[in-house]
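A quick write-up on the structure given underneath.
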Amino acid sequence: MPAETKLFRCLNDNYGVLIHDPASGATAAIDAPEAPPIEAALKATGWTLTDILVTHHHGDHTGGIADLKKKYRCRVVAPRAEAGKIPLADETVREGDKVKVGTLAANVIETPGHTAGHITFWFQGDKIVFAGDTLFSIGCGRVIEGTPEMMWASLLKLRDLPGDTRVYCGHEYTLANIKFAQTIEPNNAALAARAAQAERQRAAGEPTIPTTLDEEKAANPFLRADVPAVAAAVGLAGKTPAEVFTEIRARKNKF
Ligand SMILES: [Zn+2]
């Protein structure tokens with residue numbers, strides 16, 4: 001049976017999301033920014049929390065773990081490289097590990113850069129990826145603990161997944177990301193279409209995610225650092241994609 005998902009806002013601009021396995025009744029929260037909106041989503045759906053899958057150690061992704069674990073006795077799965085920073089983890093995982101949520105299965109992909117041990121959960125059978133703060137809609141996370149080269153390599157791993165994979169990310173930053181992306185590729189038609197769509201969605205109070213990898217590949221400048229026109233647009237024609245990515249990320253930091 002296909003997975004069901006429930007997306008909702010947490011804190012200021014974070015997203016919480018639940019993934020539910022109708023076959024077994026298992027339900028995982030991807031990250032836990034804060035407990036109350038997650039409990040409200042569980043109440044609204046009638047689902048019972050069995051697992052929390054943590055992408056990285058930042059407080060706006062882990063702040064709700066303690067309360068939820070106490071209340072639901074759920075299993076907490078966290079990146080092995082950040083185990084010391086996520087003290088309530090029951091299991092730690094690394095690249096290539098599989099995590100089961102009932103009968104659903106996620107592959108663990110290490111995507112360092114935003115943090116040194118950031119991981120992404122890819123539910124291959126359901127064509128869903130939970131990218132945390134690595135890949136955003138038309139953007140990417142700030143490179144805080146890693147290097148831009150590391151982040152570019154992480155984004156390439158995600159870009160290589162099937163194009164119809166739905167992408168869930170940790171924040172609603174899409175409109176601001178689009179404004180920046182248009183400074184890099186003002187004539188990108190896919191980006192213009194995405195801008196119109198995202199404006200409609202936000203005006204209607206709807207989330208702009210999930211997006212798909214195909215949409216991101218067409219319009220997200222951080223996935224397009226190896227497109228010659230993008231390199232030329234930032235004055236780095238002929239340079240390596242990692243150098244182009246580094247420049248785009250630096251420009252976004254100042255935008
Ligand atoms: Zn973060």
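Both counts, for ligands and for their atoms, begin at 1 and track the order of listing.
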Problem - side chain to side chain contact (heavy atoms under 4.5 Å, CB included) partners of Thr48, counting only residues at least two apart - result: none
Handout entry: For the Zn ion (ligand 1), every protein N/O/S atom that sits closer than 2.8 Å, waters excluded
Key = His56 NE2, His58 ND1, His114 NE2, Asp133 OD2
Practice task
Any salt bridge (charged side-chain N to carboxylate O under 4.0 Å, His left out) involving residues 37-50? Give me the pairs, sequence neighbours left out, ordered by first then second residue.
Solution key: Glu39-Lys71
Handout entry: Ala181: side chain to side chain contact (heavy atoms under 4.5 Å, CB included) partners, not counting sequence neighbours
Key = Ile138, Leu191, Pro221
Handout entry: Arg80 with Glu95: basic N within carboxylate O range, under 4.0 Å
Key = no
Completion exercise
Taken to the nearest 0.5 Å, the spacing of Arg194 CZ from Asn177 CG works out to 10.0 Å
Practice task
Quick one: pull up CD1 in Ile144 and NE2 in His114 and give me the separation to the nearest 0.5 Å.
Solution key: 4.5 Å
